[in-house]
There are 6 protein chains.
Amino acid sequence: MSRIDGRTADQLRPVTIQRGWSKHAEGSVLISFGDTKVFCTASVTEGVPRWRKGSGEGWVTAEYSMLPRSTNTRGDRESVRGKIGGRTHEISRLIGRSLRAVIDYKALGENTIVLDCDVLQADGGTRTAAITGAYVALADAITWAQGKKLVKHGRQPLIGTVSAVSVGIVDGVPLLDLCYEEDVRAETDMNVVCTGDGRFVEVQGTAEAQPFARDELNSLLDLAVAGCTSLDAAQREALATTL
Amino acid sequence: MSRIDGRTADQLRPVTIQRGWSKHAEGSVLISFGDTKVFCTASVTEGVPRWRKGSGEGWVTAEYSMLPRSTNTRGDRESVRGKIGGRTHEISRLIGRSLRAVIDYKALGENTIVLDCDVLQADGGTRTAAITGAYVALADAITWAQGKKLVKHGRQPLIGTVSAVSVGIVDGVPLLDLCYEEDVRAETDMNVVCTGDGRFVEVQGTAEAQPFARDELNSLLDLAVAGCTSLDAAQREALATTL
Amino acid sequence: MSRIDGRTADQLRPVTIQRGWSKHAEGSVLISFGDTKVFCTASVTEGVPRWRKGSGEGWVTAEYSMLPRSTNTRGDRESVRGKIGGRTHEISRLIGRSLRAVIDYKALGENTIVLDCDVLQADGGTRTAAITGAYVALADAITWAQGKKLVKHGRQPLIGTVSAVSVGIVDGVPLLDLCYEEDVRAETDMNVVCTGDGRFVEVQGTAEAQPFARDELNSLLDLAVAGCTSLDAAQREALATTL
Amino acid sequence: MSRIDGRTADQLRPVTIQRGWSKHAEGSVLISFGDTKVFCTASVTEGVPRWRKGSGEGWVTAEYSMLPRSTNTRGDRESVRGKIGGRTHEISRLIGRSLRAVIDYKALGENTIVLDCDVLQADGGTRTAAITGAYVALADAITWAQGKKLVKHGRQPLIGTVSAVSVGIVDGVPLLDLCYEEDVRAETDMNVVCTGDGRFVEVQGTAEAQPFARDELNSLLDLAVAGCTSLDAAQREALATTL
Amino acid sequence: MSRIDGRTADQLRPVTIQRGWSKHAEGSVLISFGDTKVFCTASVTEGVPRWRKGSGEGWVTAEYSMLPRSTNTRGDRESVRGKIGGRTHEISRLIGRSLRAVIDYKALGENTIVLDCDVLQADGGTRTAAITGAYVALADAITWAQGKKLVKHGRQPLIGTVSAVSVGIVDGVPLLDLCYEEDVRAETDMNVVCTGDGRFVEVQGTAEAQPFARDELNSLLDLAVAGCTSLDAAQREALATTL
Amino acid sequence: MSRIDGRTADQLRPVTIQRGWSKHAEGSVLISFGDTKVFCTASVTEGVPRWRKGSGEGWVTAEYSMLPRSTNTRGDRESVRGKIGGRTHEISRLIGRSLRAVIDYKALGENTIVLDCDVLQADGGTRTAAITGAYVALADAITWAQGKKLVKHGRQPLIGTVSAVSVGIVDGVPLLDLCYEEDVRAETDMNVVCTGDGRFVEVQGTAEAQPFARDELNSLLDLAVAGCTSLDAAQREALATTL
C-alpha cells in the first residue's frame with residue numbers, strides 16, 4: 001500500500017531541525033515533521049516554584065499552544081476564551097513529563113527551564129514534533145546555563161535523549177508518523193516517547209474506532225521504536241554543529 | 001514480596017459496586033477499589049450538542065472531579081479557583097473516550113449521556129475505578145432510556161463492556177491495582193482500559209522515575225489484562241441483579 | 001392535613017448522622033434529612049489566613065456545593081462554568097457564619113478549620129442538613145486537634161451547639177422541614193439556625209409568593225425551635241459514641 | 001443612651017430620595033440614608049430571559065455593586081478581579097427578590113426590568129437603602145412603560161410598596177438603621193424588608209457576636225416595622241411630585 | 001453651522017467641577033462636561049506595587065468604568081461578564097499615563113495613588129472628562145498626603161497640570177468637545193491631553209469613516225489646545241477655593 | 001548622530017515581507033522590521049457576527065498576541081493567566097481599526113476576515129509591523145475570496161493601502177522606526193498609520209518622559225509619513241509577484 005503522500009508504512013516525513021531561531025531564548029528550535037511546524041523555545045530562570053524552594057533541585061515544565069490559524073479552519077484563541085482547553089492541558093503535561101525523564105534535578109540545581117512549544121502549522125503529530133524539538137532547545141539551554149555557571153561543574157543535568165513519534169492503524173495497516181489526513185482516519189492512534197537507548201518514557205494508545213489487539217499494539221510499538229531511533233539521529237546531527 | 005496491604009503482585013483490592021445509589025440519576029453507582037470510592041452517575045437528556053445536531057447520532061461524555069477532602073490533605077475546589085486543572089481535564093477526557101468505545105452512536109439516537117464521576121475518597125486508581133463504575137451506570141442509563149422508548153427498538157447502543165485498572169513497577173516488581181502509597185513510589189505507572197474480550201481501548205504508560213523496557217511493558221500489560229478480566233466479572237455480577 | 005410523605009406539620013424527616021465517613025478528614029459525617037444527603041468534612045490546618053496572622057485567633061470557614069446530578073435534572077458544574085453561582089456563595093457564607101457562632105477563636109488558636117459540605121442527593125433542606133452535619137464534623141475535628149495538641153489545654157474552642165432546619169408555609173399551613181416538593185410550593189420559606197439552648201444564630205425568612213404577617217412568622221419560629229431541639233438531640237446521640 | 005450621631009434608638013437617619021437622576025434610565029433615584037448614598041436605575045427592555053419566553057410573564061432582577069472607594073479604604077473592583085464576591089451576589093439576590101414581591105408578572109407582560117444599585121458612598125445600610133430607592137426607580141419605570149404602551153392597559157404590574165431597613169443590638173440595646181460604626185459593633189444585625197401594610201418580605205437576622213433570644217428578635221422586628229412605615233411615607237412623598 | 005446643542009464649533013459644553021464629593025476618598029470630584037458626568041476619586045495608600053519596592057519612587061494608576069445604565073441602553077457589567085473589555089482597558093491606561101505625566105515619582109515617595117473614574121452618565125467625551133476631573137482629585141489627594149506628612153517636605157510631587165478634550169470632524173467641520181450624537185457621526189475623532197503650558201501628553205486620532213489629511217489634523221489640534229486652555233482655567237478655579 | 005544600529009534618524013530597519021507562509025490560511029505573511037518578526041494570517045469565513053447579520057456588509061477584525069518568549073525575558077501566557085492584558089486589547093483594536101479603514105464593507109459582502117498577528121520575536125515596533133504585514137495578508141485573502149466567488153464581481157472590497165511605523169524622540173532627536181532599546185529611552189513615542197496617499201488613519205502619540213511641543217509633533221509626523229511611503233512601496237513590491 002502506498003500512503004497519501006507516497007511514503008512507505010515505516011517511513012517518517014522529512015524532518016528538519018533549525019536551532020537558534022530566536023535571538024532572545026536560551027534555546028530555540030523550529031522543527032518540522034513534513035508540514036507540521038513547531039517553534040520551541042527554552043527559557044532559563046534562576047529559582048524554582050515555591051513548593052520546590054530549598055530542595056536544591058531544579059524544575060522543567062512545558063506549555064503547548066496552537067496558533068489560531070495553524071489548522072485548516074481557524075480556532076478560537078484560548079486567551080480570548082479565558083480558559084485553556086483539555087487537549088492543550090493534556091499535551092503540555094505530556095511534553096513536560098517527557099523532558100523531565102531525562103533531567104537530573106540535583107545537577108540542574110535550583111533553576112527552572114520552561115519549554116514553550118507553539119504550533120505554527122499543523123498537519124498531524126504536533127505533540128511528538130514538539131517533544132522532539134523541545135529536547136534540542138532544552139539541550140541548548142542547558143549548555144547556555146553551564147556557560148553562565150548557573151549550573152554547577154562536574155555533573156550533567158541532561159542524562160539522556162528523548163524523542164517522540166505518532167503511530168496508528170489506518171485501514172488495518174500500522175503506519176509510522178501519521179499526517180493529519182491519516183490521523184482522522186486512524187482506527188487506533190498512539191503517541192510514543194522513547195529515550196535514545198530504545199526504552200519508553202510514555203506510551204499513549206487510544207482506540208479511536210474500535211479496540212485494538214495485543215499484536216496490533218506490538219506492531220505499533222515496533223514502528224515507533226524504529227521511528228524514534230531515526231529522530232534521535234536527527235537530533236544528534238542538529239546538535240553536532242556549533243550554534 | 002508481600003505488598004503494603006498484604007496482597008500478591010497480581011491481586012486486585014476488594015471491589016464493590018453498588019447500583020442505584022442516587023434516586024435522581026438514570027444510572028448511578030458507588031464503586032470502591034479498596035479505600036478508593038467514586039460516585040458515578042449517568043444522566044440522560046434528549047438532544048445532542050449543537051455540532052452533532054441532525055446527525056441522527058448520540059453522544060456520551062464524562063466529567064471527573066475530586067471532592068476537596070477526598071485526599072490526605074485538602075485541595076482547593078476548582079470552582080473556587082475558577083478553572084479546571086490539567087489533571088482533571090485529562091481524566092475527564094479519558095473516561096469519556098473509554099466509554100464511547102463501547103457505544104453505537106446510531107443506535108443511541110440523538111440522546112446525550114453525561115457521566116459524572118466524583119471521587120469521595122481517594123487511595124490510588126481513582127480514574128480506573130471511575131471508568132469501571134461509570135460503565136455500570138451507563139448500562140443502567142441505557143436500559144432506562146430503552147424503557148422510556150428514547151432509544152429505538154432493535155439495535156443495542158451498548159456494544160461491548162469496558163473496565164480499567166492501574167498497573168506499575170514498584171521496586172522493580174510489576175504490580176496490579178496500585179494503592180496511593182504504591183503509586184507514589186512507582187517507577188512506572190500505567191493505566192489500561194480493556195474491553196471484556198481482552199482488547200485495548202486505552203494504554204497510558206508513564207515513566208515516573210526512569211524509562212521502562214519493552215519486557216517491563218509486556219509484564220504490565222499481562223497484569224492489566226488479567227485485572228480487567230476480573231473487573232469485567234464484577235461488573236457482570238453487579239448488573240445481573242434487578243435494580 | 002397530611003403531608004406529601006405522611007408526616008404531621010411539626011414532624012422532621014428521618015435524620016441519620018454517620019460519623020467517620022472519610023478516612024482522610026479530621027472530622028467527617030454523612031447526614032441525611034430524609035432523601036437529602038450531605039457529605040460534610042472538617043479539615044484542620046495549622047495557621048490562619050494572612051489577614052488574621054499574629055492575632056492568636058483561629059478561623060472557621062465553609063464551602064458548600066451540589067454534585068451535578070444531586071438534583072432531578074443535571075446542573076452544570078461550577079468548575080466547568082468557571083464561576084460560583086450566587087446561591088452557592090450565599091449558602092457557603094451561611095454555613096460558615098453559623099459554625100463560627102459556637103467557636104471561641106482564642107481557644108482555637110492560630111488554626112483553620114474548613115468545612116466542606118457536598119450535597120450527594122438533594123430533596124429540600126440541603127443547607128440546613130449541611131449546617132447540622134458540619135457541626136458534628138467540626139466537633140470531631142476539634143477533638144482530633146486537641147488530641148494532637150494543636151489546641152491548647154484548658155479552654156474549649158467549641159462553646160455551644162448549633163443545628164438548623166427549614167420551615168415554611170404551604171397552602172396556608174406552617175410546616176417543619178420541607179421536602180423539595182413542599183419547598184417549591186411554599187408561600188414563605190425560612191431557614192433557622194439555633195443553638196442548643198434555643199437562641200437564634202440566623203433567621204432567614206423569604207416571602208416566595210406573598211408577604212407574611214407577624215403571627216405567621218411567630219408560628220414558623222415556634223416550629224423551627226422545636227425542630228432544632230430534636231436535631232440537637234440527634235447530634236448529641238451521634239457524638240456520644242466513640243468513633 | 002444617646003447614639004454616636006445623637007439619634008434616639010428608634011430614629012432613622014435623614015432620608016433623601018431624588019428622582020430623575022439619570023437622563024437615560026427609565027427610572028432613576030439617588031437615595032441617601034445619612035451618609036450612605038446609592039444610585040438606583042431601572043432599565044426596561046422588551047422581552048424576557050430565555051427560560052421565561054412564551055410565558056406571558058415579565059421579570060425583574062437586580063445588580064448591586066459598590067464603587068471601589070465608596071468605603072473607607074479602597075476595595076478591589078470585582079471586574080478587575082474577574083469574579084463577583086459572595087456578599088455582592090447575596091445582596092443582588094436580596095434586592096431582586098424584594099422587588100419581585102410587589103410585581104404582578106402577568107400584568108408586566110413579557111418585559112424585563114433590571115435594577116442597578118451602585119453604592120456611591122457607604123456608611124452602613126447600603127442594601128436597605130438600595131431596596132428602598134430601587135422601589136421608587138421601579139415605580140417610575142413602570143409608569144414609563146405604561147406611557148409607552150409596553151404594559152397592557154387595565155392591570156397594574158406594581159401591586160404593593162416595599163422598603164427596607166437595618167436593625168441591630170449594640171451594647172445590648174436594639175437600634176434602628178445602623179450606621180457603619182454601629183454596625184461593626186453590633187452583637188446582632190438584621191435586615192428587614194416590609195411591604196407598606198406592615199407585612200414581611202424578607203427577614204435576615206444574624207448573630208454577629210452571640211446568639212440572640214426570641215424577645216430580642218421581637219424588639220428588633222418592632223423597630224424595623226416602624227422604620228419601614230416611615231420609609232414608606234418618604235417613598236410616597238417622593239413619588240407624589242410630577243417628574 | 002450651528003451644532004446640535006447650539007454651540008459654535010470651538011465652544012466647550014458647560015463644565016462643572018465639584019470637589020469633596022466623597023467623605024472617604026483623599027480626593028474626590030464630580031465633573032460634568034454637559035450631560036457627561038464622571039465621579040473621580042483619588043485613593044492614597046502607603047507603599048507601592050511589588051515591582052517598584054525599594055525604588056524610593058511612588059506610583060499613580062487609574063481605573064475607568066461605566067455604570068451599566070450610564071448609556072442610552074443598558075450595558076452588561078464587566079464584573080458579571082468576568083472580564084474587562086478592550087475599551088475599558090484602553091481608557092484606564094490612557095488616564096493613568098496622562099496623570100503620571102505630571103508626577104515627580106521621587107517627590108511622591110513610596111506611595112500609591114489610585115484614580116477611580118466611574119461614569120455616572122455618558123454623553124460623549126467620558127475619557128476626557130475623566131482625565132480632567134481626575135487631575136483635580138489627584139491634586140487634592142497630594143495636598144492631603146502632604147498634610148499627613150506621607151510626602152516629604154520641600155519637593156512638590158505635582159509638577160504640572162493636565163486636562164483633556166475630544167475634537168472631531170463632523171460633516172467636514174472640525175468641532176471641539178463632541179457630544180454623543182456628534183461623536184457617532186464624526187468622520188475623524190481625536191482625544192488630546194495637554195499640559196497647562198500647551199504641550200501634548202497624548203494625541204490619539206482615529207479615522208472613523210475616512211483617512212484625514214495633515215491640515216485637518218492641524219485644525220483639530222488647534223481646537224484641542226484652545227479647549228484645554230479653558231479646561232485648565234476651570235481646574236484652577238475649582239482648586240482655588242478651600243475645601 | 002549615529003543610532004545604536006548605525007541607521008540615520010530617518011531610516012527604516014530592513015523590511016522583509018514573505019507571503020504564503022502558511023498552507024492553511026487564505027492570506028499569510030511573515031514580516032520583519034529588523035529583528036521584529038510578526039506572523040500575520042488572514043482567515044476568511046462566510047457570515048458575519050450576529051449584530052451585523054442581514055446588513056449585507058462584511059466585517060474585519062484582528063487579534064494580536066506575543067509568544068511568551070518573543071521578548072527578552074519570558075512573559076506569562078494570557079491563556080494561562082485566563083485574561084487578556086490591556087496592552088494586548090489595545091493593540092488588537094488598533095490593528096482592526098487600521099485595516100477596516102481601507103475596506104468597503106458593502107463590497108466585501110457578509111464575509112468576515114480575521115487577522116491574527118502573532119509576534120514571534122520582538123524588538124520594538126511590533127504593532128506597526130503587524131499592521132503593515134496584516135495588510136498584505138488581507139489583500140491576499142480578498143484575492144482568494146474573489147477567486148472563490150465569495151465576493152461579488154465588479155466592486156473591489158479593498159479601497160486603499162495602509163501601513164504603519166513608530167517614531168519617537170530620543171535624547172531630543174526625532175527618530176524613525178524605533179528598535180526596542182531606543183523605544184525604552186524615548187521621551188515621546190508615536191505610532192502612525194497612514195494610507196498610501198499620505199493621509200492618516202491613526203495617530204497615537206504619548207509623552208513617556210515629558211510633554212512634547214507642537215513642532216516636535218510635526219517633526220515626528222514628517223518622519224512617519226516618509227516611513228509609510230517606503231513601507232507602502234515594500235508592500236506593493238511583495239504583492240507584485242504571483243504567489
Side-chain angles (χ1 to χ4, degrees), chain D residues 20-30 32 34-46 61-85 88-89 92 112-123 134 137 141 179-180, chain E residues 20-30 32 34-46 61-85 88-89 92 112-123 134 137 141 179-180:
Chain D
W21 218 67
S22 154
K23 78 171 207 177
H24 296 303
E26 285 74 38
S28 66
V29 159
L30 181 69
S32 64
D35 279 336
T36 289
K37 295 184 197 173
V38 186
F39 179 32
C40 308
T41 59
S43 299
V44 180
T45 48
E46 291 184 72
T61 186
E63 291 184 5
Y64 166 96
S65 183
M66 300 183 85
L67 290 198
R69 194 55 200 279
S70 58
T71 44
N72 194 38
T73 54
R74 186 178 182 273
D76 287 341
R77 277 178 200 269
E78 294 182 323
S79 59
V80 171
R81 286 176 44 220
K83 49 178 132 181
I84 289 183
T88 297
H89 259 144
S92 293
T112 296
I113 304 181
V114 181
L115 295 148
D116 285 291
C117 301
D118 288 89
V119 178
L120 303 185
Q121 188 169 279
D123 187 27
C179 66
Y180 179 72
Chain E
W21 216 69
S22 154
K23 78 171 209 179
H24 296 304
E26 286 74 36
S28 65
V29 159
L30 182 67
S32 64
D35 279 337
T36 288
K37 294 185 199 172
V38 186
F39 179 32
C40 309
T41 59
S43 298
V44 181
T45 47
E46 293 186 70
T61 185
E63 290 184 4
Y64 166 96
S65 183
M66 298 184 87
L67 290 199
R69 195 56 199 279
S70 58
T71 45
N72 193 39
T73 55
R74 186 179 183 273
D76 288 340
R77 276 178 202 270
E78 294 182 322
S79 59
V80 171
R81 287 178 41 223
K83 49 179 133 180
I84 289 182
T88 298
H89 259 145
S92 292
T112 297
I113 303 181
V114 181
L115 295 148
D116 286 291
C117 300
D118 288 89
V119 178
L120 303 186
Q121 189 169 279
D123 188 26
C179 66
Y180 179 73

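Hydrogens, waters and symmetry mates are skipped; everything else that's a heavy atom, side chains included, is used. Letters go in sequence order (proteins before strands), and every chain restarts at 1.
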Checklist entry - Tell me, side chain or backbone of D:V114 under 4.5 Å from chain E's heavy atoms, or both, or neither? => result side chain

Checklist outcome for this item: Residues D:R69 and E:S43: closest non-hydrogen pair is NH1-OG, 2.9 Å

Item to check | Part of D:T41 within contact of chain E (heavy atom distance under 4.5 Å) | outcome: side chain

Checklist entry - Which atoms of E:T71 come close to chain D, meaning under 4.5 Å heavy atom to heavy atom: side chain ones, backbone ones, both, or neither? => result backbone

Checklist entry - Are E:E63 and D:R74 close enough that some pair of their side-chain heavy atoms sits under 4.5 Å apart? => result yes

Item to check | Sequence-distant partners of E:H24, ring pair (Phe, Tyr, Trp, His ring centres under 6.0 Å), two or more places apart | outcome: none

Checklist entry - Tell me, side chain or backbone of D:T45 under 4.5 Å from chain E's heavy atoms, or both, or neither? => result neither

Item to check | Least distance between heavy atoms, E:L120 atom then D:F39 atom | outcome: O-CE2, 3.9 Å

Checklist entry - Given a strict heavy-atom distance threshold of 4.5 Å, which part of D:D35 is in contact with chain E: side chain, backbone, both, or neither? => result side chain

Next on the checklist: Contact between E:L67 and D:S65 at the side-chain level, heavy atoms closer than 4.5 Å - yes or no?
Outcome noted: no

Item to check | D:S79: partners by side-chain contact (heavy atoms from CB on, under 4.5 Å), with sequence neighbours left out | outcome: D:R77, E:E78, E:S79, E:I84

Next on the checklist: Which one wins on heavy-atom pair count under 4.5 Å against chain D: E:K23, E:K37, E:K83?
Outcome noted: E:K23

Checklist entry - Where on E:S70 is there a heavy atom nearer than 4.5 Å to chain D: the side chain, the backbone, both, or neither? => result backbone

